[in-house]
Structure formats: C-alpha cells, structure tokens
Visitor: 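Here you go, one structure.
Just so you know, these numbers come straight off a predicted model, no measurement behind them. In what follows, chains carry the letters A, B, and so on, assigned in the order in which the sequence lines appear, proteins first and then strands, with residues in each chain numbered from 1.
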Amino acid sequence: MAMDPLAAIKVTFFQECEEQLSELESGLLAMEAGDTDSEIVNAVFRAVHSIKGGAGAFSLENLVRFSHVFETALDLIRGGDIPADQDTLKLLLRSADVLADHVRAARDGGSVDEGRSHAMAEELEALAAGNGPAVAVDEDTGEGFADFEFKPVLIQLDDVVAELPVLPTVDETQKVKTFNIRFYPQVGLYQKANESGLLLRELARLGDMTATLDPSGLPLFDLLNPEDAYIGWTIVLRSETADEAAVREVFEWVEGDCFLEVAEEAESTGLASDVSPEDASDDSSDAALHASGSTSDDFDVLALIRQAQGAEQAMAEPAPVKPAVATATPKVDAVATAAAPKVDAGKSREAALDAKAQASARDASPQTIRVDLERVDRLIDLVGELVINQAMLAQRVGEAGLQRASSVAVGLDDLEQLTREIQDSVMAIRAQPVKSVFQRMPRLVREIAMMTGKEVRLLMEGEGTEVDKTVIERLSDPLTHMIRNAIDHGLETPADRIAAGKAPEGVVKLAALHRSGRIVIEITDDGRGINRPKVRQIAIDKGLVAPDANLTDDEIDNLIFMPGFSTATSVSDISGRGVGMDVVRRSIASLGGRITISSRPGQGSTFTLSLPLTLAVLDGMVVTVAGQTLVAPLTAIIESLQPKVGEVRSLGPNAQVIAIRDTHVPLIDIGRTLGYRLTSPPPTEGVALLVEGEGGARAALMVDAIQGQRQVVIKSLEANYRPVPGIAAATILGDGRVALILDVDAVMVPRPHDFPVLSDGPDDLANSILPLAQAG
Amino acid sequence: MPAASSLQVLVVDDQMTIRSLVRSGLQQIGINNIEEAPDGEQGLRNLIARPAHLVITDFNMPKLDGLGLLRAIRAHPPLAKTAVIMLTGRADKELVQRAVQFGVNNYLVKPFTVATLKDKIEAVVGALT
C-alpha cells in the first residue's frame, strides 16, 4: 500500500460525508414535507454529528466549527426545544448547502464563501439562542471531562470467555406470559384513520410476537373495495412485562371497530417440551436446537434488543410491518404452532412468513461493498465476450446440422439462458438509482429560485429508478440545464402567477420511470408554456425557417432545439453560458436518447427524455450494403420502407430526395457514402431506413437488404482500431464477423453542394426542398 | 498482563471513518484481532457468534445505539463481563453518566490519539504487553 493509512481513511471520510450530506438533505426535505418521525430527525442530527466527528479526527477546523453550530441547532430541534417549522427548515436546508460547501472545500483544498458561511452560522446561532440551554462544550483534555469523576472499571480477562461458548438460554420461562389474541377489524376500520399494521407494530413492542394472517374474509376480487379492511389476525404474544390490560390497551382506539379476543395461556413452561412430538419432527432442527439449549441463532439477539430497548428510550425503528407481521423466530414459531393446532395449513405459511421475516431483517441492513469501477467494467467486457462466444457457438452447432433436441443443442439453450442472466446481473451491478443525480436538484432549485425571485416547489418521483452509471453521470448536465430553463423561462414571477390566477409558488416536477426497456425522465413545469408567436418570430429573424413556413404548434415548439436558437433577449447568467436546448438535445442524443417537448400555453411544459438503460449494448438493425454487414442503431430508425418508382426525385447528379407521406427527405446511399461503391443501384431495388438524427433532421438511408434486429455488444473502434468516419463503433456478430455500427448523424449530414438547404433543421429542410421538388 | 495480540476487539460505529481510525489505532498498539459492525444490532449479532474481550462502541447509531448495545451485553449472561468502552463527543458528558449506570468500563472522547486509546484500554484490561 503506497497510501499511508490515515490518507486512505480520509478518502473514506469524504465518501461517507457525501452519503451523510445526501441523508441530511433528504431527511430535511422529508421534514419539510411534514414528516416528523423521530427516526428521521435523529438521522438528520446524526448526519451532521458524524461529519463533525470525522472532521475533528482530521483537524478540519472550519468544517468542525460550522458543523458544530449546525449540530447544536439540530440537537435543540431533536429535543423539541425549537419547532421544526417551514422557516426553520428553509434555514436548515440552506445550512446543509453551506455544510456541503465546507466538506468539498476541505476535500479539494478550496475555500468557501466566508461571508455566506458566517451569516449562516450566525442565523443558526440566533435560532439556537434563547431556545433551551446552550450546549456547553466541555473542554476535554483527551483524558476525560473536567469536573467529572470517572473510574475505569478493570475487568479480569479470564472472566471473558475467549472462544465460542455454548450460550445457555436466558431463563425466561417462569415469568413469560403467553397471550392468544384474535384481532378481526371491521370493514370500516381504515376509514377511521386506524391501521392494523400500526397496531400490530405497537403490540410487537410488548414482547415476542407471531401474527398469522387470516385472509378468509377477503371477498371476490370484483367485490373488493380497496379502502375496506377484510383481513384478520391470530396473534401469539409472549411477554415478560405485559398483562392482559396492557395488551387490550393497544387496541383501545379501535374498540368497537373490531372483534378482539385476548386470552392468556395458563402457564408457559419449558419451550421444547411444549412442542408436540408431531411438531418436533416437522421442526426437528429448531426443536433440537432449543432442547439442547444451544442458541447461536438470531432469536436471542432480537429478544435482547427488545429487552435493551425497553423503558426510556425509543431508539430503533421497529421492524418493517409486512402484511403479516412476524418477528417470527424459530422458538416462537414452535410455540405458536403448538398453541394453535391447525398445523398442516399453517405450517408452510408460517415457514414462509418466517423466511420473509428473516429476509426483511436482512433487508433492514443492506450489505454493500465498494468495488473499483474498472473491475466491474472488466467483468462487463468479459460478459460481452461471453455473449459473442455463445452466439458463435450456437451458430456452429446449427451449421453442424445437430437436431434441436440433441443434448448438445439443449445444453446450448441452457447456456444461452444463463448467459442472458449473467449479462442482466452484471448490468445490474452498474445500475444505480437516478437518485444520485436527482438529489443535486433541490439545491439548484433553491439557488435559482433565490436568484430569479421566483417561488418554486420541486417534486421528485421515481428516484429509485435504476440506470447504468455512465448514463447517470452524463445525465447531470442536461438535467441541470433543463431545470434551470424550467424555472428561468418556464415559471412566471409570483406576481405574474397571481395575476394569471395561479398559486404564487410554481411547481417543477422531475420524474423517472422505466418504459419498454428504456428510462424516461420527465421535467414538467406549471409555468406559462412556450410562447409560440415569439419562438416563431425568433426563428424567422435568425433565418432558421422561411418567413412563410407553415408550421404546426408542435413544430414551433421543437424550434427551440435548433442550434443557435435562444429565446432569452439577454443571456441571463442562469440559463446561461449562451448554450441552448440544442446542446441539451445533442448530449441526450450522444447517449442514444431522444428528447421531446409538449407545451400548453398558460399551463406549462413537459420535456420528456427517453434514454437507453445501458451504453454497453445496443439494439440494432443488421443490414447488408454492397456485400458488407452493418448495424444501424434501432433508436434512430423511425421506419423502413421500400421506395417505389415515382417517389424518388433527383436534385442534380449527386442528390436525391424521396417523398415520404407529405414531406420529402434526402435519400442517402450508405454504400456510396462510406465508399463501398461508386454508383448506387436503383433505389427501388433496396430498402430505405427513415432515420432521425440528433438535430431532429430526417433522412432515408439506402441499404441493400435487412437481415434482422439484434442486440449487439458495442466495441469501441477508437480503442481497438482507429476512428472511422461515418462509423460509431463495431460489434461482433454471431458468426464471428466484425460488423460496423453506423453513426447515423455522421452519414446524414448534408454536404452543402449536395443539398440546397438553408440549414439542417428539421422542418425547414422539407420546406425548402418542397418547392424545388414540386417544380422538378 | 494480557498480550495485545491475544485481545479480541469489536468496534461498533456507523461511520466507516471512525471504525477505520479505531482499527488503525488498535493496530498500532499491537491489537490485530479486530471485528467491525456498523450498528448496535449487528454488533450484538457478531458478539453472540464470536465473543470479544473488548467492545469499543459509538453512542449515536441507527437501529440500536451504544447505550442499547451496552444494556444488551450486560443483560446477556454469557456476554455480561465483556469490557465496553464508549466513544463520545466532547459534549456528551450526560451520555457518559448514563452509560456509567449501565456499567460502562471506560470512555474515549473523539478525536483521540493512539496514546489515549492505549491508556483507556489498559485502564480496563490491564497493562498490555
């Protein structure tokens, strides 16, 4: 290890800081949205507390100082001394931004905006002042607190068992009471704002609980009202502390809205002895385990945790309540089945519940490892090779004339299935929730709102939607830009909004979802919508469209994606830097994505991005051109068609257009463009692929024949060979041949001498060609 | 006088940074049998599976905090004698006072030096060799 250990730990620290900052922000946002769960408040506190703790270890004084002030305020909120109202939360969110700046300054050696940081710290101090006791910081010498006598407790190491002992079961048999509870909510329970899950969770606090769900009250599906309660529960509760009154108290609020029966079992004695021989044989492993008293499994932990949690502190959040609440443990299960002698049907169900409970216990603490990205990429490369090899093998087997049912062919099918699963799994390693990009947006929105004087609420949906890491990384800039645009151009000022009869606060919504193998991201604002007359006029003024062009609303909206188009009369520093939506469109296109817009005057606009889930594989159409095999990306292809005589018109010796419905698009022979042949065969003998390039421009690409659609693994030409004009990448086909993947945008760029057009925009192209074509 | 190399230590903290710092400090003292857990619950699971001589634990952690872990250790006879050192912040005097009631063996204020870490451990298990 070249790195000294402390430096390595520091790297870890900054990574953890990012996680904690993100937790801090999402926690504060949840609080802002009205969630006052103490676990959230505590997590928020803990995030800042942890940053401070780590910063102290590395003597990052500025970071320690700011996080200390921040922590003090949060501690008072946690203790209820300061109400977490909207103003306070806005302050805390801005403080979180400043804290993030401090962390990054400490990491990258930069500096923070001192004025802003000071002002923020003062605001936080003012918030804390006069609210509860100021937290006295004990000056600690490193040895101990001043004025505090503490005598370390020496232990005898021999007393501490060093090797794995056989732990005797905690003696709880005498005191434990067992309650058999039947809880059947009446249909209207939920309408009175009660919830079975919460009650069961409350009940689970009293002791070890096994709940068995009784779905027999469920009506047929078409009679089911999702707002009604149909499910009943049989519960076995074992508790050292609770009496019947305590159990009934849990159900106090639903008295009259449910059927409740609480029966205490006479005496609960030895555990294993309660299990009938029949059960013991079924549950032999569990029973044997308990009979022998050897308990290295989970149940003691759960029991101990509950014990430890008892009384004063409500620390841990209870286990998530599944439809069937089961803090099921092997031991309790055995008792439960003994108590309720409906063994057969219950057995497997309880086993399932048990498994589920264990699974959910595991879910509660997701195990993660940090892996060098290069290793994952290497794995992805190898899996790509595997896919290719498998395809080649399949083809050889087919060529060898083996029967479909032969063992080799069957084995190969299995291999194909496995290969696909491996590919999916490996891709899933790289997949990350879009959250990592989305979580940067709240801060952006706050800052732009402040700069523009607009009031904005950001709603986010589908942050858990997963997509390949590379896609995520390259999504950040376009999204940032579009959010800026939505606020700067889309939303009106509060005064304008009120005048338009809207709420002063504008809403920007960012949503992600999966749709047919792609990820779709929508950015919606409820602002004024696209100002079409203005957009049209600007496009005319800039010579982007003919003054007399007859454009649909949709076409006008799409003009904003044209290069050089900008509606801002002055380049504001917000939407800024002079780049427009064409840059956004290009960066989305470079990811194999598309962007569309829909807008309604006065009601707002929605930008929709559709992107592939990964950049490692591509859905392609395999075609033949002049004896060569090429792959065209499916995302670029709108349709394929067979040109008919009369549809194709010549515009001079080197240029042709084809009539597709009511427009004309350039007809480009791929074979000639790539230099495979000097003269093109008659278009009517080939197939035309109607494609759309990144600028929205369309063209028809002539190929000789279509072989089929296929998912191909992308191999970089730059990395393996050298860049080739008109070619984006390469792939290896099932028969082992290398096929080139077309760079659609490169081959369709119209050369000035070929096409008499004003620009390569989407619609003016057709408009400018149309008169010529009609004349010809 | 216990040999540092024979000592088994469990470090419980939700921050990997702090766990790594403690681990690094322990290694400098000559203690190499170190396990880590990210919260009290996992720490307790580890202890039940593999008991340790000494637990060094943070206070504020998700799921089960340091006090909860301490109480659980003291409540479970086979673990009850395990030595527990609490990691605390400078302002956490009250927490330490409460931990004393639950039988904490010692405490260690963050940030700490390796020398302090060694002193605090030796005050609990005796001078290390």
Visitor: With a 4.5 Å cut-off on heavy-atom pairs, point out which of A:Gly56, A:Cys17, A:Ser50 contacts chain B the most.
Guide: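 Looking at each option in turn, the highest pair count goes to A:Ser50.
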Visitor: Counting only non-hydrogen atoms closer than 4.5 Å, does B:Asp13 touch chain A with its backbone (N, CA, C, O), its side chain (CB onward), both, or neither?
Guide: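 Contact with chain A: none, neither part.
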Visitor: For residues B:Pro62 and A:Arg46, determine if any side-chain heavy atom of one lies less than 4.5 Å from a side-chain heavy atom of the other.
Guide: yes
Visitor: If you compare all heavy atoms of A:Pro152 against all heavy atoms of B:Asn106, which two are closest, and at what distance to 0.1 Å?
Guide: CB-ND2, 3.4 Å
Visitor: Identify which part of B:Val104 has an atom lying under 4.5 Å from any heavy atom of chain A, answering side chain, backbone, both or neither.
Guide: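 Both parts, heavy atoms under 4.5 Å.
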Visitor: Compare every heavy atom of B:Gly126 with every heavy atom of A:Leu154, then report the nearest pair and how far apart it is.
Guide: CD1-N, 3.6 Å
Visitor: Is A:Phe14 close to chain B through its backbone or its side chain, or both, or neither, when contacts mean heavy atoms under 4.5 Å?
Guide: neither
Visitor: Strictly distance-based, threshold 3.5 Å: is any side-chain N or O of A:Glu16 a donor or acceptor partner for the main-chain N or O of B:Thr17?
Guide: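 Flag set: sc A:Glu16 to bb B:Thr17 pair under 3.5 Å.
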Visitor: Please check: side-chain N/O of B:Asn105 versus main-chain N/O of A:Val153, any donor-acceptor pairing under 3.5 Å?
Guide: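 Flag set: sc B:Asn105 to bb A:Val153 pair under 3.5 Å.
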Visitor: About how many Å separate CD1 of A:Ile51 and CD of B:Gln15, when rounded to the nearest 0.5 Å?
Guide: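 It comes to 8.5 Å.
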Visitor: Below 4.5 Å from any heavy atom of chain B, which atoms of A:Gln15 appear? Answer side chain, backbone, both or neither.
Guide: neither
Visitor: Under 4.5 Å heavy-atom distance to chain A, tell me which part of B:Ser20 shows up: side chain, backbone, both or neither.
Guide: both
Visitor: Below 4.5 Å from any heavy atom of chain A, which atoms of B:Gln27 appear? Answer side chain, backbone, both or neither.
Guide: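 Neither part.
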Visitor: State, yes or no, whether a side-chain contact exists between B:Leu21 and A:Leu6 at a heavy-atom distance under 4.5 Å.
Guide: yes
Visitor: How many angstroms lie between atom OG1 of A:Thr12 and atom CD1 of B:Ile18, to the nearest 0.5 angstrom?
Guide: 11.5 Å
Visitor: Measure the shortest side-chain to side-chain distance between A:Asn42 and B:Asn60 over non-hydrogen atoms and say whether it is less than 4.5 angstrom.
Guide: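 Yes, close enough: below the 4.5 Å cut-off.
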Visitor: More than 12 heavy atoms of other residues, nucleotides or ligands under 6.0 Å from NZ of B:Lys110: is that the case?
Guide: yes
